[in-house]
Amino acid sequence: MTNAVAATPHSLCVYCGSRTGLHPGYARAAREVGTLIGRLGWRLVYGGGRAGLMGVVADAALAAGASVIGVIPSSLMERELGHGGLTELHVVETMHERKRLMAERSDAFLALPGGIGTFEELFEVWTWRQLGYHDKPLGLLNVDGYYDALLTFIATTMEQGFVAATQRDLLLVDASALPLLQRLGESAARAGEPEDYRRI
Ligand code: AMP
């Protein structure tokens, strides 16, 4: 682990499934990410629930001594099981407020396996980045090849002239958590502060 990463406390926003998925490897990876966040001395920012991989990553981060900030819309408190044991739980009115506050309180973003909500959150911060609304790094943890088909499709979008290589390269992809967190930490340390979420 490099000193640059260990010395810099970062807030990592994790997007992931409100379900755990079929294979135990998904929860294993979420647990590993939560534990690494604690060991690196980072803070976790996430959707504030106990459901699915969200709960797994939050519990592992808390167990590893990390501060954990959850942001949940009041309408989802029941469905996503608002987590009572977090360092901070912000209950907001709308999904837009949730995503904006999560983005504001983070300096890097990481998507784990998940469903439509996870895709939406990742693609949103990716588009915000390409538009220059923020300069924070984004990562995709491709656990057990879960995102292979998506990555193949993204290659198609490039071949067909809809996505530039520079846009594609904004997303850091890795199958292993620690190297990906290190790259995110190093990029976050280099990033400026041009973000202005009021434009979003
Ligand atoms: P999923 O990946 O579908 O299990 O959802 C993961 C998280 O994404 C959940 O906390 C959802 O509340 C959240 N999410 C974010 N944006 C949306 C959206 N537009 N529609 C549905 N879920 C969303």
Side-chain angles (χ1 to χ4, degrees), residues 11-34 37 43-62 66-106 108-131 133-134 136 138-151 153-154 171 173 175 177 180 184 195 197-200:
S11 287
L12 180 66
C13 181
V14 173
Y15 302 129
C16 60
S18 54
R19 306 175 186 199
T20 52
L22 189 61
H23 299 294
Y26 304 134
R28 207 177 302 127
R31 211 170 295 118
E32 186 187 3
V33 167
I37 289 170
R43 182 185 304 130
L44 170 67
V45 177
Y46 86 115
R50 274 191 290 116
L53 295 187
M54 290 202 291
V56 175
V57 71
D59 286 339
L62 288 167
S67 298
V68 179
I69 298 172
V71 187
I72 192 165
S74 49
S75 58
L76 291 181
M77 276 293 278
E78 231 169 86
R79 198 162 95 196
E80 295 186 357
L81 313 171
H83 199 305
L86 305 180
T87 317
E88 293 175 30
L89 180 65
H90 299 270
V91 182
V92 295
E93 284 311 305
T94 67
M95 186 62 85
H96 284 294
E97 267 182 81
R98 173 201 234 183
K99 291 188 291 188
R100 178 169 150 174
L101 187 57
M102 286 169 72
E104 280 175 353
R105 298 294 298 266
S106 309
F109 305 98
L110 173 65
L112 307 184
I116 299 169
T118 304
F119 308 153
E120 201 260 354
E121 291 169 317
L122 172 68
F123 278 87
E124 185 169 58
V125 287
W126 197 359
T127 59
W128 289 352
R129 174 76 192 270
Q130 73 155 349
L131 293 170
Y133 292 176
H134 70 84
K136 302 174 182 182
L138 335 161
L140 181 70
L141 187 60
N142 188 18
V143 179
D144 297 337
Y146 177 71
Y147 283 116
D148 283 354
L150 177 68
L151 295 168
F153 176 65
I154 290 168
L171 184 66
V173 181
L180 184 54
L184 289 170
E195 69 268 7
Y197 291 100
R198 286 166 303 186
R199 291 159 62 192
I200 293 160

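Source: prediction; values computed, not measured. Positions are given from 1, in the same order as the sequence printed here. Every number for a ligand or one of its atoms is a count from 1 in the order of the listing.
Between W128 and L138, the closest side-chain pair of non-hydrogen atoms is not below 4.5 Å. Looking at S11 and R105, their side chains never come closer than 4.5 Å, going by heavy atoms from C-beta outward.
The minimum heavy-atom distance linking I72 with E80 is given by the pair CD1-CB, 4.1 Å.
The existence of a salt bridge linking R100 and E104 is confirmed by a sub-4.0 Å separation between a basic side-chain nitrogen and an acidic carboxylate oxygen.
Residues F109 and H134 place their aromatic rings such that the two centres sit under 6.0 Å apart.
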Ligand-protein N/O pairs under 3.5 Å (ligand 1):
unit_1   : atom_1 : unit_2 : atom_2 : d
ligand 1 : 2 (O)  : G115   : N      : 2.7
ligand 1 : 2 (O)  : G115   : O      : 3.3
ligand 1 : 2 (O)  : T118   : N      : 3.0
ligand 1 : 2 (O)  : T118   : OG1    : 2.6
ligand 1 : 3 (O)  : I116   : N      : 3.4
ligand 1 : 3 (O)  : G117   : N      : 2.9
ligand 1 : 4 (O)  : S18    : N      : 2.7
ligand 1 : 4 (O)  : S18    : OG     : 2.7
ligand 1 : 8 (O)  : E121   : OE1    : 3.2
ligand 1 : 10 (O) : E80    : OE1    : 3.0
ligand 1 : 10 (O) : E80    : OE2    : 3.0
ligand 1 : 10 (O) : R98    : NH1    : 3.2
ligand 1 : 12 (O) : E80    : OE2    : 2.5
ligand 1 : 12 (O) : R98    : NH1    : 2.9
ligand 1 : 16 (N) : E120   : OE1    : 3.1

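Ring-plane geometry between Y146 and Y26 is classed as perpendicular, the angle between the planes exceeding 60 degrees on a 0 to 90 degree scale with a lower cut at 30.
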